Amino acid sequence: MSASYGVFLYFLLDFVAAQTTTLPNVTVMASSCVSKSNRSCVQCLRDASCLWCESSRECMDYPVNLIVPPSSMCPLTDARWGLCWVNLKVMLITLSLLVGLVLLAMLVCCLCCCCRRRRHQRVSDDGEHGRAEQKTRERITRQKERRVEMQLRHDKIRQKYGLSKDHPYNRLEQKK
């Protein structure tokens, strides 16, 4: 799971970095974030490319090329980015858990859909099998009925010409 969190964080920060470079009001200058040091967190974080360190009360550029800023820059428990009331460590953990839960929910939904489809397929297969058996039974009964009718016709013809089935030598006896 930790690999997926790392990948998620990478894409999250890459997305945020892409968003900060496309915003028209954001000025990307090295001195813009540093000039906001020793002020307030709110003033620092108005610029999306800035990172506020609570312990040193410094505003610095967020290291976009890294996924997570190094602790030498600012400890994650003191780092603020985006929101002043949430430290970066809690934000990253929360977002990672949310993405993990969404992925898990999607996986469960996919598995449920597959199981439901298989169950539905089994039911329809059973229905088709039952229909095929019913048709076979109907065919057999029609065949038996036809045999009985044919046997009756043959018996009538035999009676008409005096060839009864009762005695196999009856025909020979009549000729004498």
Side-chain angles (χ1 to χ4, degrees), residues 1-26 45 48-49 51 62-71 76-77 79-176:
M1 257 336 223
S2 63
S4 63
Y5 291 137
V7 170
F8 165 70
L9 291 177
Y10 175 75
F11 285 118
L12 175 70
L13 292 177
D14 189 42
F15 173 75
V16 170
Q19 293 298 318
T20 59
T21 56
T22 58
L23 292 174
N25 296 338
V26 175
L45 295 184
S49 64
L51 174 74
Y62 193 92
V64 183
N65 56 349
L66 301 173
I67 295 173
V68 178
S71 59
L76 285 179
T77 54
R80 307 286 192 260
W81 180 76
L83 300 169
C84 291
W85 54 274
V86 179
N87 67 39
L88 192 59
K89 184 176 184 179
V90 170
M91 185 185 297
L92 292 175
I93 291 171
T94 304
L95 289 175
S96 300
L97 286 173
L98 287 175
V99 167
L101 288 174
V102 167
L103 291 175
L104 183 66
M106 288 172 53
L107 179 68
V108 167
C109 286
C110 289
L111 289 175
C112 287
C113 288
C114 289
C115 290
R116 189 173 293 148
R117 184 176 298 142
R118 284 185 189 151
R119 193 175 325 124
H120 177 69
Q121 202 171 32
R122 271 191 237 126
V123 168
S124 66
D125 287 347
D126 289 346
E128 288 175 15
H129 184 67
R131 279 185 240 124
E133 284 182 12
Q134 180 68 24
K135 286 181 180 180
T136 304
R137 278 188 243 119
E138 288 173 2
R139 213 176 297 123
I140 289 171
T141 55
R142 275 188 266 131
Q143 196 174 31
K144 285 181 182 178
E145 288 172 0
R146 272 190 247 123
R147 276 191 193 142
V148 168
E149 288 174 7
M150 206 145 107
Q151 189 67 39
L152 288 173
R153 262 189 276 142
H154 289 171
D155 287 345
K156 283 182 182 180
I157 292 172
R158 283 188 189 106
Q159 280 179 357
K160 181 178 178 182
Y161 293 106
L163 304 170
S164 65
K165 250 175 120 181
D166 300 337
H167 193 294
Y169 298 107
N170 193 14
R171 192 171 139 188
L172 295 173
E173 290 174 0
Q174 286 178 359
K175 285 186 180 181
K176 289 185 183 178

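On a predicted model such as this, the values are computed, not experimentally measured, just so you know.
Using a 4.5 Å heavy-atom threshold, the side chains of Asn87 and Arg80 count as touching. Considering only heavy atoms from C-beta on, Arg142 comes within 4.5 Å of Arg146 through its side chain.
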Would Lys144 and Ile140 count as a side chain to side chain contact (heavy atoms under 4.5 Å, CB included) here? Give the steps. CA-CA 6 Å; Lys144 285 181 182 178; Ile140 289 171; 3.9 Å; yes
Hey, mind stepping through Gln134 and Arg137 against side chain to side chain donor-acceptor pair (under 3.5 Å) and telling me if it holds? CA-CA 5 Å; Gln134 180 68 24; Arg137 278 188 243 119; 2.8 Å; yes
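The distance from the CD1 atom of Ile157 to the CG atom of Leu152 is 11.5 Å, given to the nearest 0.5 Å. In this structure, CG on Leu45 lies 7.5 Å from CG on Leu51, to the nearest 0.5 angstrom. Put simply, CD on Gln151 and CZ on Arg158 are 6.0 Å apart, with the number rounded to the nearest 0.5 Å. Distance check: Ile93 CD1 to Leu98 CG gives 12.0 Å after rounding to the nearest 0.5 Å.
Although no hydrogens or angles enter the test, the distance criterion places a donor-acceptor pair under 3.5 Å between the side chain of Trp81 and the main chain of Ala48.
Checking each of Val68, Val86, Leu97 against Leu92 for a side-chain contact (heavy atoms from CB on, under 4.5 Å) leaves exactly one that passes, namely Val68.
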